[in-house]
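Below is one structure; the comments refer to it alone.
Keep in mind that the numbers below use all heavy atoms, side chains included, and drop hydrogens, waters and symmetry copies.
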Amino acid sequence: MPSSFFGLHVAATGLNAAQASINTTANNISNVNTDGYSRQEVGRVAAAAQRCFTSYGSIGTGVEVTKVTQVRDIYYDEKYWNNNAKLGLHEKTLYYMQQIEDYYADDVKVSGFTTLYTKMFNGLENVKKNAGDASVRNEFISGARELMDFFNSTGISMQDLQSSINDEIKTCVDTINSVSQKVALLNKQINIIEMEGGMANELRDERSRLIDEVSQLIPIEAVEYEVLNSNYEDQKTGATRFEVRFNGNLLVENYNYNTLSVVTRDKKANQTDIDGLYDVKWDFSGAVIDFTSNAIDGEMRAMFQVRDGNDEENLKGKVTSTDSSKITISNPTITDIDKMNMPNEGTILVNSTYYNYSDFKVTTDDQGKITSYVFSLDKPLTSDERTGIMGKGLTVGKTVNYKGIPYYMGQMNEFLRSFTREFNDIEKTGVDGYGNKMGSFFVAYDAFAQKELDGSDNIKNATFGSQGNTYYRMTCLNARVNKASQADPNLFATTTDFTRGESANDLVDSLANLENGVKLFRGGSGSAFLQCIYADITVDTQENQVFTNSYTSIKNAIAQQRMSVSGVDEDDEAMDLIKFQNAYQLAAKCISTLTAMYDQLILNTGT
């Protein structure tokens, strides 16, 4: 049977429960603007009834506070993380594509390709009118230099962007590792608290915030399991096991975590790549992660696809013969020297194995089309390797299905090789102002050998190497007007017959026809170059803009759904505060009433 003072105990439980609810509500209100905070609520249940062995059987013993828990729905968290990775991919790609778009700008503020290309041919028209005037020749040569400088500066800007992305990749890897370590530490702290019967709500909020952060970089899957007593399977220990997976591998495994690291490539994947590009690997296995895979979203994929994207236009072929140190392929996908984009030394993939090559040679037919490539390997092949790769498909560098920096630099290279070869071939039929046979007006500068390459090697029915004097050596980084013509405008040929005098201009019409009358790039004239490039950039930029807007809207919708569950609403909390205040006052009133009754019973009864 309850004691005479049992009512005080019951009222006290109500007082304590109301006090806990008020404190929790105050904490919610204090964190209404705290990033990542989840609303908390007090769990209350009726206390176990006490048997009285009377006709009414038992009597209530008040209210019991079970725990203070965060209000959160993992379903919305998972939707948020999945969408965040997709948003990160398109948002970051859009950011880079807008920069690339700026490099090709041509307007009143910036003189781009079309302006400079037109200016050069306008200068050529002036040469036609007055070929004997050195100042007019200088004006044209200056315009030609400006056009080459445009390609040079654009190429350098592309490489600077590639370097910037490369550095950002390393920073993101460091961020992922740091977040993984923090999550593992939080897992341990959460379990220490919750195994003692508490609730680590604030630590759980911090862990979720970290997962939000990393989900924009890489797609992740986070799962939490309750740990049961091994001796009593129905009994919970209070501990949990929290795992985070990326690309099928464990990034965080409860108290442990796996790290990523960057590894510098030994060889370039594309001709115009900068040195020292990073790949990312798992430290525990050494496996390199293919961040350009369609199975991966997030900012990391955006960085890799813009940095390495070649629109799958890298060289491929079929291995037809081998010896101890060479691999020959036929049926190559690149048969035009203008489109050659492989580095002079790089990496080939055949039969799931990578091999480094130090040089290559090509063989051409009577039209100058490439029929085969021969790669000289850094290390000799074993007999088993030679047998294993025969007839297999071979790929040079990396195949990336996106129009990134290597693609646009390759397009510039293709245009330059086609345009300068056509221009030089016409010039070579003429003589300069001193009656000497004209050489190449446009050349490629070999900075290592400190010499100009005029592309004079024969490429028809020939075999030539990657270090030969061919137009393969000309890129947007090294194209220029030959130094002699810059110093002396009379070295520019305008005629095929020196006896016609210095004002002869019979070559100029053929040169001027290159502006719009000859197919130089993608089946169109040279003047259409910028239009083609802008079409590529615009399509990708607009596509990423559309996806960015779409996923941003989805993110906002999911965030609102999360907030409707986990967020702190000031009006709701104010109502709860009044409700719990009234409950507190009622419990206090019970105590006050019971105190008065006990005073009467103890002090005044029997007097």
Side-chain angles (χ1 to χ4, degrees), residues 17-18 20-45 65-88 179-180 182-194 197-226 236 238-245 251-252 254 298 551-580:
S21 297
I22 289 173
N23 292 340
T24 302
T25 303
N27 187 50
N28 288 339
I29 294 172
S30 299
N31 287 281
V32 66
N33 294 317
T34 301
D35 184 34
Y37 178 79
S38 299
R39 180 170 60 88
Q40 298 178 12
E41 63 181 19
V42 175
R44 298 182 300 275
V45 297
V65 175
T66 56
K67 55 186 176 181
V68 178
T69 57
Q70 61 173 182
V71 181
R72 200 171 187 103
D73 191 334
I74 188 63
Y75 171 75
Y76 291 126
D77 285 340
E78 291 175 348
K79 289 182 65 176
Y80 185 87
W81 297 331
N82 291 337
N83 183 79
N84 219 21
K86 292 179 172 60
L87 174 60
V179 168
S180 300
K182 291 177 181 177
V183 170
L185 289 173
L186 285 169
N187 290 341
K188 187 172 185 178
Q189 293 170 357
I190 289 169
N191 274 345
I192 289 173
I193 293 172
E194 295 188 350
M199 290 300 297
N201 296 321
E202 284 73 13
L203 296 180
R204 285 178 170 274
D205 285 342
E206 176 62 15
R207 185 174 67 184
S208 296
R209 188 191 63 78
L210 290 171
I211 299 299
D212 284 354
E213 178 183 340
V214 80
S215 68
Q216 192 158 0
L217 302 178
I218 54 176
I220 57 93
E221 297 176 0
V223 181
E224 186 173 20
Y225 307 96
E226 290 184 335
K236 299 178 182 179
T240 57
R241 183 180 183 84
F242 189 81
E243 295 179 352
V244 180
R245 291 182 180 271
L251 191 64
V252 179
N254 215 27
Y551 286 119
T552 298
S553 298
I554 295 173
K555 177 182 178 179
N556 293 335
I558 297 172
Q560 289 179 354
Q561 291 171 330
R562 285 213 302 181
M563 288 296 293
S564 68
V565 175
S566 303
V568 178
D569 184 277
E570 295 178 353
D571 293 335
D572 288 345
E573 296 303 319
M575 292 177 62
D576 285 345
L577 198 61
I578 295 172
K579 179 175 66 176
F580 297 136

(message) Working to the nearest 0.5 angstrom, can you tell me the gap between I193 CD1 and L203 CG?
(response) 4.5 Å

(request) Compare every heavy atom of V568 with every heavy atom of E573, then report the nearest pair and how far apart it is. (result) CG-CG1, 3.6 Å

(request) Rounded to the nearest 0.5 Å, what's the gap from CD1 on I192 to CG on N187? Could you check? (result) 11.0 Å

(request) Show the numbers, then the answer: is there a salt bridge (Lys or Arg N to Asp or Glu O under 4.0 Å) between E194 and R204? (result) CA-CA 11 Å; E194 295 188 350; R204 285 178 170 274; 2.9 Å; yes

(message) Could you work out, with side chain to side chain donor-acceptor pair (under 3.5 Å) as the rule, every residue matching R241, not counting sequence neighbours?
(response) E243, E253

(request) Check whether any side-chain N or O of D569 sits under 3.5 Å from a backbone N or O of D572 as a donor-acceptor pair, and report yes or no. (result) yes

(message) As an exercise, state the distance from CD1 of I218 to CZ of R245, rounded to the nearest 0.5 Å.
(response) 13.5 Å

(request) Return the minimal non-hydrogen interatomic distance between Q70 and N201, and the atom names on each side. (result) N-OD1, 3.2 Å

(message) Strictly distance-based, threshold 3.5 Å: is any side-chain N or O of N84 a donor or acceptor partner for the main-chain N or O of D212?
(response) yes

(message) Can you give me the closest heavy-atom contact between F580 and A18, atom names plus distance?
(response) O-CB, 3.8 Å

(message) Looking at D77 and R562, is there a salt bridge between them, counting it only when a charged N and a carboxylate O are closer than 4.0 Å?
(response) yes

(request) Answer yes if the side chains of S21 and R44 hold a donor-acceptor pair under 3.5 Å, and no otherwise. (result) yes

(message) So which atom in V565 and which in V71 form the shortest heavy-atom distance, rounded to 0.1 Å?
(response) O-CG1, 3.3 Å

(message) Any donor-acceptor pair under 3.5 Å linking the side-chain atoms of D576 with those of T25?
(response) no

(message) Rounded to the nearest 0.5 Å, what separates atom CG in L87 from atom OG in S553?
(response) 10.0 Å

(message) When you measure from the side chain of N191 to the backbone of A239, do you find a donor-acceptor pair of N or O atoms at a distance under 3.5 Å?
(response) no

(request) Establish, from distance only, whether the side-chain atoms of Y37 and N28 form a donor-acceptor pair under 3.5 Å. (result) yes

(message) Just so I know, are the side chains of E41 and T69 near enough to count as touching, which here means a heavy-atom distance under 4.5 Å?
(response) yes

(request) Report yes if the side chains of L185 and K182 come closer than 4.5 Å at any heavy-atom pair, otherwise no. (result) no

(request) Go through the side-chain N and O atoms of R72 and S38 and say whether any donor and acceptor fall under 3.5 Å apart. (result) yes

(request) Please test V252 against V179 for side-chain contact (heavy atoms from CB on, under 4.5 Å), starting from the C-alpha separation and ending with a verdict. (result) CA-CA 10 Å; V252 179; V179 168; over 6 Å; no

(request) Check the side chains of T240 and E224 for a donor-acceptor pair under 3.5 angstrom, ignoring hydrogens and angles. (result) yes

(request) Output, in order, the C-alpha distance, side-chain angles, deciding distance and verdict of salt bridge (Lys or Arg N to Asp or Glu O under 4.0 Å) for D35 and R209. (result) CA-CA 8 Å; D35 184 34; R209 188 191 63 78; 5.3 Å; no

(message) Quick check for you: to the nearest 0.5 Å, what is the distance between I220 atom CD1 and E78 atom CD?
(response) 8.5 Å

(request) Rounded to the nearest 0.5 Å, what's the gap from OG on S566 to OH on Y76? Could you check? (result) 10.0 Å

(message) Main chain of T552, side chain of N556: is a donor-acceptor contact present, judged purely on distance under 3.5 Å?
(response) yes

(message) Show the nearest heavy-atom pair for residues V65 and A20, with the distance to one decimal.
(response) CG2-CB, 4.4 Å

(request) Flag the pair R207 and E202 as a salt bridge only when some basic side-chain nitrogen lies within less than 4.0 angstrom of an acidic carboxylate oxygen. (result) no

(request) Show the numbers, then the answer: is there a side-chain contact (heavy atoms from CB on, under 4.5 Å) between M575 and I578? (result) CA-CA 5 Å; M575 292 177 62; I578 295 172; 5.9 Å; no

(message) For A85, is there any backbone N or O sitting under 3.5 Å from a side-chain donor or acceptor partner on S215?
(response) no

(request) Please tell me if the side chains of Q40 and N27 come closer than 4.5 Å, counting only heavy atoms from C-beta onward. (result) yes

(message) Show, in sequence, the C-alpha distance, side-chain angles and deciding distance for L577 and I29, and conclude whether the side-chain contact (heavy atoms from CB on, under 4.5 Å) test is met.
(response) CA-CA 10 Å; L577 198 61; I29 294 172; 4.3 Å; yes

